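The block underneath contains the structure these notes are about, expressed in structure tokens.
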Amino acid sequence: MNQDKLALDVRSVSKMFGRRQILTDISFTLKTGEFLLIVGPNGAGKTTLLKILATLLSPGSGDAFVSGFSVKKNPTKVRERIGFISHNHLLYRDLTTYENLKFYGEMYGVKDLDARIDELLNMVELNHRRYDTVRNFSRGMFQRLAIARALLHKPEIMFLDEPHTGLDPHAVDILDGMMRDMSSTTTFVMVTHHIESTLSLGTQALILDEGKIQYCSDTGIDLERFRSIYGKVCGRGIEHDCD
Amino acid sequence: MTAIRQGWAILRKDLLLEMRSKEVFTSQFLFVVMAMVIFYFAFSPNIKNLTTVGAGMLWVAITFTSLLGLNRSFVHEKDEECLDGLLLCPVDRATIFAAKFIGNFFFLTTLEVIAVPIFAFFFLTGTFLPNLGWFLLILLLGNVGICGVGTLLATISMNTRARDLLLPVLFLPVMVPVIIPMVLATNYIFTQGESMSELSVWLYTMAIFDIMYVVAGYVLYDFVIGD
């Protein structure tokens with residue numbers, strides 16, 4: 001993997017919802033293979049930023065380039081290269097585990113889909129539930145299946161929006177294990193409130209408050225500065241969740 | 001080929017979800033049958049030949065029944081924000097429109113396969129049978145118009161809190177240019193069943209508006225389904 005290649009290049013992105021300014025002049029870059037943590041209080045614009053990078057929202061002004069492709073001009077190329085996990089699992093409740101993965105696999109044009117589904121279901125330990133409709137799954141099982149869904153097409157960049165929310169310890173272990181295993185080949189951008197437990201994963205960090213960047217690491221996280229700014233923005237230390 | 005594969009995947013998923021839940025078909029079937037029964041008992045004591053009001057009754061029942069289905073056509077996508085999952089896929093938005101349009105068309109046509117014979121039992125005599133082919137063409141053209149504009153407007157109303165109210169408010173006025181020729185053409189078939197020259201005017205009108213609505217949906221869908 002070319003570590004010098006930019007996975008993300010965000011250039012002066014701003015976004016308004018109605019008259020409300022959600023993001024103001026956000027600019028930063030992220031190299032391939034890095035793990036970026038985006039933190040900040042509720043309403044800071046973290047999820048909006050992630051949705052713009054994932055092409056679910058369009059930037060009001062500015063542009064962002066994901067693996068070199070503009071989210072404005074080449075959204076389809078961007079979508080081919082990203083995976084997205086949020087606290088909503090994005091799965092159809094009346095389809096089985098296999099049917100959900102089969103549907104998304106066909107949408108992404110995954111080759112040798114059945115073998116890939118087998119591999120992922122073994123990874124998230126849901127192979128024994130492959131023909132069960134997911135309606136009655138627990139929160140942790142949903143999230144494990146959501147991980148499999150997001151990884152189907154072997155994305156270059158993973159966007160994670162508070163992925164640990166509501167997970168049982170086993171599902172947290174699977175998620176964290178997956179991120180560690182993939183960290184050498186995949187770029188991660190994670191919005192999180194669980195700073196204490198995820199700081200060990202991150203190689204870069206970005207603190208947002210009221211739609212503006214308060215801290216953005218460049219060559220690794222300066223823990224002292226990060227703690228200081230985080231404390232000011234959230235009014236508490238990193239051992240506490242910022243929400 | 002990619003668009004066809006993706007469109008088929010969306011369509012097959014929607015068919016599978018409807019086969020499992022049967023939510024849309026059951027509610028549509030009950031509504032259309034009840035509407036016909038009520039119309040029959042309301043009109044039969046006063047009107048000797050029900051065929052003369054049959055066209056209006058048929059399209060009132062089908063139009064309002066279709067609204068039930070259109071309102072529910074995105075219900076699975078709203079559940080757990082599955083729409084975001086769909087939008088994250090590298091799929092052209094026009095392909096999503098095409099798949100949803102074909103799905104809605106299939107559900108409505110399937111409903112009519114059952115509902116129209118029931119309607120014929122209540123309202124029609126056998127005089128229209130020589131023009132059965134034209135009648136089926138009118139039904140198909142009507143369905144294309146309803147599903148073309150309905151799929152687009154259901155997508156617009158999907159993200160609003162009052163979507164059950166908003167869809168009819170948007171849909172019915174826009175559908176007037178198709179509904180009027182649908183009713184007139186159907187009435188022509190039911191009551192005269194001979195000369196086809198006047199009928200062709202209504203058929204062309206329906207076809208033109210169908211094309212306009214489907215093309216508009218196909219072209220505008222990217223703007224409608226985005227933020």
Side-chain angles (χ1 to χ4, degrees), chain A residues 15-17 22 47-48 50-60 69 72 74-96 99-100 102-110 113 133-135 137 139 142-143 145-146 149-150 152-153 155 159 161, chain B residues 1-26 72-100 103 107 155 158-161 220-227:
Chain A
K15 181 73 178 174
M16 291 180 83
F17 287 144
I22 304 297
T47 297
T48 303
L50 208 63
K51 285 190 168 184
I52 287 172
L53 298 177
T55 74
L56 286 172
L57 293 173
S58 56
F69 294 101
K72 275 182 165 176
N74 298 102
T76 305
K77 292 280 185 195
V78 173
R79 289 173 197 132
E80 287 170 359
R81 287 162 174 78
I82 62 168
F84 191 92
I85 297 174
S86 76
H87 41 276
N88 288 310
H89 45 71
L90 318 181
L91 296 163
Y92 295 92
R93 287 177 175 271
D94 285 326
L95 296 184
T96 65
E99 286 163 349
N100 266 294
K102 177 108 174 157
F103 168 67
Y104 280 110
E106 285 174 350
M107 295 302 290
Y108 281 99
V110 176
L113 182 55
T133 49
V134 302
R135 173 167 291 281
F137 276 16
R139 167 93 189 131
F142 267 123
Q143 202 65 345
L145 186 54
R149 173 195 55 73
L152 263 172
H153 56 296
F159 294 114
D161 187 7
Chain B
M1 284 306 289
T2 303
I4 292 170
R5 187 196 68 232
Q6 290 173 324
W8 171 238
I10 296 169
L11 180 60
R12 198 181 54 204
K13 179 260 298 172
D14 284 348
L15 294 175
L16 200 55
L17 287 169
E18 178 53 25
M19 279 168 60
R20 296 251 161 90
S21 68
K22 298 178 183 68
E23 285 175 3
V24 177
F25 188 81
T26 307
R72 302 289 295 172
S73 60
F74 284 92
V75 73
H76 295 293
E77 311 298 350
K78 289 301 289 177
D79 197 18
E80 294 299 333
E81 297 189 13
C82 286
L83 184 65
D84 278 356
L86 188 58
L87 295 179
L88 283 164
C89 297
V91 56
D92 195 279
R93 277 37 184 159
T95 304
I96 300 175
F97 171 80
K100 289 286 180 186
F107 291 134
T155 310
M158 167 180 62
N159 289 317
T160 63
R161 260 184 289 179
L220 295 174
Y221 209 64
D222 194 21
F223 299 101
V224 168
I225 205 166
D227 65 315

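Small disclaimer: the values here were computed from a predicted structure and weren't measured. Chain A is the first sequence line, chain B the second, and so forth, proteins listed ahead of strands; every chain is numbered from 1. Values below: all heavy atoms of this structure, side chains included; hydrogens, waters and symmetry mates excluded.
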Nearest 0.5 Å please: distance from the [atom1] atom of [X] over to the [atom2] atom of [Y].
X	Y	atom1	atom2	value
B:Leu88	A:Lys51	CG	NZ	9.5 Å
A:Lys102	B:Lys13	NZ	NZ	16.0 Å
B:Cys89	A:Leu90	SG	CG	9.5 Å
A:Asp94	B:Met19	CG	CE	12.5 Å

Between B:Val91, B:Thr2, B:Asp84, which shows the greatest number of heavy-atom pairs under 4.5 Å with chain A?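 The residue among B:Val91, B:Thr2, B:Asp84 with the greatest pair count is B:Asp84.
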Check whether any side-chain heavy atom of A:Met107 sits under 4.5 Å from a side-chain heavy atom of B:Ile10, and report yes or no.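 A side-chain contact under 4.5 Å exists here.
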Under 4.5 Å from any heavy atom of chain A, what part of B:Leu83 do you find: side chain, backbone, both or neither?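 Contact with chain A: none, neither part.
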Considering only heavy atoms and a distance below 4.5 Å, find which of [options] pairs most often with chain B.
options	answer
A:Leu57, A:Thr55, A:Thr76	A:Leu57
A:Tyr104, A:Phe17, A:Phe84	A:Tyr104
A:Glu80, A:Arg81, A:His89	A:His89

With only heavy atoms counted, which part of A:Leu91 is less than 4.5 Å from chain B, the side chain, the backbone, both or neither?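 The answer is the backbone of A:Leu91.
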Short question: side chain of B:Arg12, backbone of A:Phe103 - any donor-acceptor pair under 3.5 Å?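 No, because the side chain of B:Arg12 does not come within donor-acceptor range (under 3.5 Å) of the backbone of A:Phe103.
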Smallest separation among heavy atoms of B:Leu86 and A:Tyr92, with atom names: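 Between these two residues, the closest heavy atoms are CB-OH, 4.4 Å.
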B:Arg20/A:Glu99 salt bridge by N-O under 4.0 Å criterion: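 Yes, charged N to carboxylate O under 4.0 Å.
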Neighbour count above 12 (heavy atom, 6.0 Å) for A:Lys77 NZ: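 No, not enclosed.
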